[in-house]
Amino acid sequence: MLARIHTFSLVGIEALPVVAEVDVSGAAIPKTILVGLPEAAVRESTHRIERAMVNSGYVRPQDRVVINLAPAELPKQAASFDLPIALGVLAGSGQISSDRLGEYAVVGELALDGTMRPVKGVLSMAMAAARLKGVCGLVVPRANAPEAAVVEGLEVIAVDSLAQAVGFFGGNIEIDPEPCRIHELFDEHGGYDIDFADVRGQEMAKRAITIAAAGGHNLLMLGPPGSGKTMLAKRVPTILPQLTPDESVETTRIYSAVGRLKAGEPLMARRPFRSPHHTISNAGLVGGGSTPAPGEISLAHNGVLFLDELPEFNRQTLEVLRQPLEDGCVTISRALTSTTFPADFILIASLNPCPCGFRNDPRRECHCTVTQIERYTSKISGPLLDRIDLHIEVPAVAFKELASKQDGTSSGVMRDEVSRARELQTARFAKSATRTNAQMTSRQIRQACPLDEVCTNLLRQSINELGLSARAHDKVLRVARTIADLEQSETIRPEHLSEAVNYRMLDRNYFNK
């Protein structure tokens, strides 16, 4: 007897439809054959499934069982095929009979006692199930149900065990679909425990951070140890606009695919903040592996990637950031497959002025030699600096500011400024895929950043004196447009352009002193 069950295979962060075909036929010697390019975790599933069936009170077929996972050319991995295969074996052996088997897709891992264990990538599978013709719902382990229920218009059936799943498909148990709680999740998990008001002083740095957040620009902070660079970076997500439902789903499916979702938080309601250690590998940063998996830049999608102590990172590791910073995505190619992961993030980097950290500090003496400083700064290449829009100095905080009882500029005030600037950008780019000024194409720059004669002369003089590249020229205009948006100005004025140029001077002046 032949049974067919709809399920899914996770490839990267995408879920591809798979049909588990199970044929149970009479044979002299019982044998189970699994075909369809199963990886080790799937090949071992036959032993788990047999014991789960027996321990749940069902009979292991004493026949020839052929299990085919179609399409045959797609490699199958992970243990999410346990439940669909088990239901297929029971249906093929006549132990259950139901029309529901064709109406619902099924995913889930089985324990030996028949209970369900959660699986990775359920959100992507639920999105794929919603697009699958003839399928009205998805049966998942209960721990995955809130995550799958994020997809509207799909019945999500949560089960605790194989026996409960069999009861549902056999019509003996009615299980209410899991409710969609998107808005509740945003209210519950959307807040922050940190605020820019906690940072004493550094108002100039906060100004630059406001510009970076308003336009989606990359930012580099240079300053001595203890000046507050890390505190500032960690608070950047608090002033970014709240994730939209679509952005939240985009980000959540990445975390779901790698099993990084927090317990009790099935939907990402806050913008991600990733701060990898400087010993990270190329694959850990941009993604990779024999089966491509997303890296830190994809985990920072729609959020912030913070690289603390930038020169301590391997130079080759930093160079692989160049293409994702331009394209907003990264493509990992292997012999058998090519996978593209989203990677649209704000890069914030920090570094000390020298190995000891006290170069040009009037209160501390620097003992670093010229050779040591050159070796320290040489890990940051010109092309990478070119891709960072804003370069600022973060000086040490004076005791007077540290001891002040007056709070500095708060996240709420900064967030209001950012929101007003983002609204102008949303209206400006309503008919294109561009969302922020940092993403403007060359054509959009010409349309959105017209300059009068005074501004043109100022930009020409700056380009000639600083030796800025064509890319830096465009980034100056993008930043100037953002500064103008923060002031609700329709045109770019000389003061906007002058401030934008000042944020490009660090890589030309400081490192060459």
Side-chain angles (χ1 to χ4, degrees), residues 1-9 18-70 76-120 122 125 135 137-145 148 156-175:
M1 189 173 176
L2 179 64
R4 291 185 176 90
I5 309 287
H6 292 287
T7 185
F8 301 96
S9 178
V18 172
V19 177
E21 300 176 328
V22 181
D23 180 76
V24 181
S25 56
I29 301 176
K31 187 175 184 180
T32 300
I33 302 173
L34 180 60
V35 297
L37 284 185
E39 300 291 342
V42 184
R43 290 197 301 270
E44 294 173 352
S45 67
T46 55
H47 305 294
R48 287 195 302 273
I49 292 166
E50 288 175 357
R51 299 320 305 164
M53 288 168 50
V54 173
N55 292 329
S56 299
Y58 302 103
V59 178
R60 173 191 172 190
Q62 299 299 311
D63 297 303
R64 182 185 181 90
V65 180
V66 179
I67 304 164
N68 178 40
L69 301 176
K76 319 297 188 308
Q77 55 184 346
S80 60
F81 298 102
D82 286 8
L83 184 58
I85 291 175
L87 292 172
V89 171
L90 292 174
S93 60
Q95 298 183 62
I96 60 171
S97 177
S98 172
D99 295 333
R100 285 181 172 177
L101 288 173
E103 298 174 359
Y104 289 85
V106 182
V107 294
E109 179 183 346
L110 287 172
L112 294 183
D113 61 356
T115 56
M116 302 301 305
R117 288 185 172 140
V119 296
K120 298 178 182 178
V122 165
M125 295 176 184
V135 171
L138 178 67
V139 177
V140 299
R142 186 167 299 279
N144 292 126
V156 177
I157 306 299
V159 295
D160 295 305
S161 64
L162 174 60
Q164 191 176 11
V166 171
F168 171 75
F169 281 105
N172 300 320
I173 300 175
E174 291 299 326
I175 302 176

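Just so it is clear, the values below take in all heavy atoms, side chains as well, and ignore hydrogens, waters and symmetry mates. When a residue number appears, it is its place in the shown sequence, counting from 1. Since we're looking at a predicted model, the values are computed, not measured.
When the side chain to side chain donor-acceptor pair (under 3.5 Å) test is applied to Asp63, no partner is found at least two apart in sequence or on another chain. For Ala143, the side-chain contact (heavy atoms from CB on, under 4.5 Å) criterion is met by Pro118, not counting sequence neighbours.
Under a 3.5 Å cut-off, the side chain of Gln95 and the backbone N or O of Val59 do form a donor-acceptor pair. Side chain of Ser56 to main chain of Tyr58: no donor-acceptor pair is present (N/O by atom type, distance under 3.5 Å, no hydrogens or angles). A donor-acceptor pair under 3.5 Å is formed between the side chain of Lys76 and the backbone N or O of Leu69. Judged by distance alone, with hydrogens and angles left aside, the side-chain atoms of Gln62 form a donor-acceptor pair with the main-chain N or O of Arg60 at under 3.5 Å. Checked by atom type and distance alone, the side chain of Thr115 never pairs as donor or acceptor with a backbone atom of Ala111 at under 3.5 Å. A side-chain donor-acceptor contact under 3.5 Å links Asn55 to the backbone of Leu112. In this structure, the side chain of Arg48 does not engage the main chain of Asp82 through any donor-acceptor pair within 3.5 Å.
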Intermediate values then yes/no, side chain to side chain contact (heavy atoms under 4.5 Å, CB included), Val119 and Asn144: CA-CA 7 Å; Val119 296; Asn144 292 126; 3.8 Å; yes
Candidate pair Met1 and Asp23, rule side chain to side chain contact (heavy atoms under 4.5 Å, CB included), full reasoning: CA-CA 6 Å; Met1 189 173 176; Asp23 180 76; over 6 Å; no
Chi angles and distances behind the side chain to side chain contact (heavy atoms under 4.5 Å, CB included) call for Phe168, Arg100: CA-CA 9 Å; Phe168 171 75; Arg100 285 181 172 177; 3.3 Å; yes
Full working for side chain to side chain contact (heavy atoms under 4.5 Å, CB included) between Leu138 and Ile157: CA-CA 6 Å; Leu138 178 67; Ile157 306 299; over 6 Å; no
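Contact annotation: the side chain of Val140 approaches that of Val156 to within less than 4.5 Å [non-hydrogen atoms, C-beta and beyond]. For the pair Leu87/Val106, a side-chain contact is recorded, criterion being any heavy-atom separation below 4.5 Å from C-beta on. No side-chain heavy atom of Leu110 sits less than 4.5 Å from a side-chain heavy atom of Arg117. Here the side chains of Pro61 and Met53 are in contact, with some heavy-atom distance below 4.5 Å. The closest side-chain heavy-atom distance from Phe169 to Val139 is below 4.5 Å. At a threshold of 4.5 Å between non-hydrogen side-chain atoms, the residues Val22 and Val65 count as touching.
To the nearest 0.5 Å, atoms CZ (Arg43) and CG (Leu34) are separated by 9.0 Å. Here CD1 of Ile49 is found 4.5 Å from CD1 of Ile85. Values are rounded to the nearest 0.5 Å. Taken to the nearest 0.5 Å, the CD1 atom of Ile5 stands 8.5 Å off from the CG atom of Leu83. Within the model, atoms OG of Ser45 and CD of Glu109 stand 10.0 Å from one another, a figure rounded to the nearest 0.5 Å.
Residues Val18 and Ser9 come closest through the heavy atom pair CG2-CB, 3.7 Å. Residue Leu101 comes nearest to Ala91 through the heavy atom pair CD1-CB, 3.7 Å, listed as atom of the first residue, atom of the second, then distance. Closest approach of Ala86 to Leu162, counting heavy atoms only: CB-CD1, 4.0 Å. Closest non-hydrogen pair, Met125 versus Lys120, comes out as CE-O, 3.7 Å.
Identified under the salt bridge (Lys or Arg N to Asp or Glu O under 4.0 Å) test for residues 160-172, with sequence neighbours left out: Arg142-Asp160.
The number of heavy atoms from other shown groups lying within 6.0 Å of CZ (Arg64) does not exceed 12.
Between Arg51 and Glu44 no salt bridge is recorded (no basic side-chain N to carboxylate O distance below 4.0 Å).
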